[in-house]
Amino acid sequence: MSIEPILFYIFSTILVLASVAVVTVRNPVYAALCLVLAFFTCAAVWLLLEAEFLALVLILVYVGAVMVLFLFVIMMLDINLVRSKEGFIKYLPAGGFVAILILIEMCVVLGPENFGIEITGEPLKHAADYSNTKELGVTLYTQYAYPFEIAGALLLLAIVAAITLTMRRRPDSKYQDPAEQVSVRRDDRVRIVKMAAEKKQ
Amino acid sequence: MIELLLSIWNLVPEALQTLLIIILKIVVIAVPIMLSVAYITLAERKVIGFIQVRIGPNRVGPRGLLQPIADGLKLMMKEVIIPTNANRFLFVIAPLLALAPALACWAVIPFADGWVLADIDAGLLYVLALSSLGVYGLIIAGWASNSKYAFLGSIRSAAQMVSYEIAMGFALVGVLMAAGSMNLSAIIESQSGSFLHWFWLPLFPLFLVYFIAGLAETNRAPFDVAEGESEIVAGFHVEYSGMAFALFFLAEYANMILISILTAIMFMGGWLSPFQGIPLLEDLFAFVPGIVWILAKTSFLLFLFLWFRATFPRYRYDQVMRLGWKVFIPITIVWILVIGVGVMAELGPWFD
């Protein structure tokens, strides 16, 4: 028996447990860390699928950057645990309804009749010289070059929009202009006064 | 005796044999790293001592050579104090989270031609992904300590690391464009020729950006605002003592060695001899194995770390941020465009 199925089951068990923990643990910092764990094990499962580029980028982007900023915000906020648990019973029917709805939708869309092994076929085992990174790059920059560029432009637009929407220049905040600081001359700062020596009275 | 050992070895199932060999390789890599970390602390104190016209530690052992051992023993004997109201679990796990990624990166580092634990195709990406995890140890340590100084320190260091990671990532993009591969061994191979073929020359701005961003990533002086002892006592590890503190220390120094060896690999030709292509000297130094060259280059870069610490005053916090976002990132983006043009034009002798 090969070791891959064992690894797969270990990682997917951790993944499922961590994902459940994200929504069930009380402490928000723990929840964020569980999400990190979920991302990490998900990357491990992708590695088993020979998608090493996606797996490493998942870690790099989501674990290395996005979740760090999430943790930042969560730690800065003094989250009131008691108040966030208030109204649990009140919202339970609505929340439960949405959850069941999403579950049904996922079963319909992602069920075996669409993504079963007969339809997608078994994932191919590639030789050792197969490079997922190269394959992805070639497909992205040839076949999907225009959609890729459009997605990039959209992201850039979103960045610019987010910055312009949230940027406010307050008149009372103080700025430094390093160029001005560097180009300062002695005459701007120091004034030498010549005066005659004074005698003691 | 050897035959007996061999016959025992052959009895072991094949899967276990591979596992044992891999574990042995890990030990062969990790133990020297730990020893170098110990002796870099001594080197740091000695070098800074000489720069400041002092002698440095010279009491434990001959010429102070046993000082790191004494320090290690002292830290091991000390009590690990866990502050009241600290989050016990996260408080204990944070140093491990800082150290583990620093060590895991070494899996893909080639020490000489073919001397690498995992010769994976996406080595550069792996290093980048794992080194971005080190920041969790710092953030969690600061938060779990339940101390304002520690929390301020961890916020400072996290902001700094996230900012400089971008510049670092862009510098790596330049390297992989120039080398045409993300495999670290292939990157070194693509620099062979002479020391003018090494990437420090065509990628000079990226070389500087990468090394300075590496200083900032490891929270070393002059970017050690995360520790800033005159402002926030010692930053994120204020509340740590004993071995828990020692783990942070190990992580910082292991990261320093990692940044140095990565700079050596990506910009200074790794295990390639600096005399390659020079008629007489090349034959004269042909007997030197590649690992000597890569370790020599790494040691030189590590010395720069210590030299900087003794020379430069600490950056002010807003200037650290300005340097990262407004100076380094534009430089790297512009230079990536330049490399793109160079690669397209097959500019010799680097990109042909």
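Residue numbers start from 1 in every chain, and the chains themselves are labelled A, B, ... in the order their sequence lines are given, proteins ahead of strands. Keep in mind it's a predicted model, so treat the numbers as computed, not measured.
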Visitor: If the condition is salt bridge (charged side-chain N to carboxylate O under 4.0 Å, His left out), which residues does B/E189 pass it with, not counting sequence neighbours?
Guide: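 Salt bridge (charged side-chain N to carboxylate O under 4.0 Å, His left out) list for B/E189, sorted by chain: empty.
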Visitor: Using non-hydrogen atoms and a 4.5 Å limit, figure out which bit of A/V61 sits close to chain B: side chain, backbone, both or neither.
Guide: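 Neither part.
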Visitor: Just wondering, more than 12 heavy atoms not from B/Y315 lying within 6.0 Å of its OH?
Guide: no
Visitor: I'd like to know whether CZ of B/F151 has more than 12 heavy-atom contacts from other residues, nucleotides or ligands below 6.0 angstrom.
Guide: yes
Visitor: Looking at B/I155, B/I166, B/V162, which makes the most heavy-atom pairs under 4.5 Å with chain A?
Guide: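 Of the options given, most contacts go to B/I155.
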Visitor: How long is the straight-line distance from NZ of A/K134 back to CE of B/M182, given to the nearest 0.5 Å?
Guide: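 The distance works out to 10.0 Å.
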Visitor: Are more than 12 heavy atoms from other residues, nucleotides or ligands located less than 6.0 Å from atom CZ of A/F39?
Guide: yes
Visitor: Enumerate by number any residue of residues 119-130 of chain B whose heavy atoms lie under 4.5 Å from heavy atoms of chain A; in the absence of such residues, state 'none'.
Guide: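 Residues of residues 119-130 of chain B touching chain A at under 4.5 Å: B/D121, B/A122, B/L125, B/Y126, B/L128, B/A129.
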Visitor: Start with the C-alpha distance between A/V63 and B/Y136, add both sets of side-chain angles, then the distance that settles side-chain contact (heavy atoms from CB on, under 4.5 Å), and finish with yes or no.
Guide: CA-CA 9 Å; A/V63 179; B/Y136 278 99; 3.6 Å; yes
Visitor: I'd like to check A/L33 versus B/L90 (side-chain heavy atoms, cut-off strictly below 4.5 Å). Are they in contact?
Guide: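 Yes, their side chains come closer than 4.5 Å.
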Visitor: With a 4.5 angstrom heavy-atom cut-off, is it the side chain or the backbone of B/M161 that approaches chain A, or both, or neither?
Guide: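 Neither part; nothing is under 4.5 Å.
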Visitor: Evaluate whether atom OH of B/Y149 has more than 12 neighbouring non-hydrogen atoms of other residues, nucleotides or ligands under 6.0 angstrom away.
Guide: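 No, the 6.0 Å shell around OH holds no more than 12 heavy atoms from other groups.
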Visitor: In terms of heavy-atom proximity below 4.5 Å to chain B, should A/F53 be classed as side chain, backbone, both, or neither?
Guide: both
Visitor: Given a strict heavy-atom distance threshold of 4.5 Å, which part of A/L56 is in contact with chain B: side chain, backbone, both, or neither?
Guide: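 For A/L56, the contact with chain B is made by backbone and side chain together.
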Visitor: May I ask you to check whether over 12 heavy atoms, not counting those of A/F70, lie within 6.0 Å of atom CZ?
Guide: no
Visitor: A quick test of your reading: do over 12 heavy atoms of other residues, nucleotides or ligands sit less than 6.0 Å from CD of A/E180?
Guide: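 Count not over threshold, so no.
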Visitor: Measure the spacing between CE of A/M67 and CG of B/L133 and express it to the nearest 0.5 Å.
Guide: 12.5 Å
Visitor: What is the minimum heavy-atom distance between A/G64 and B/S132, and which atoms define it?
Guide: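 What the structure gives for the nearest pair is CA-OG, 3.6 Å.
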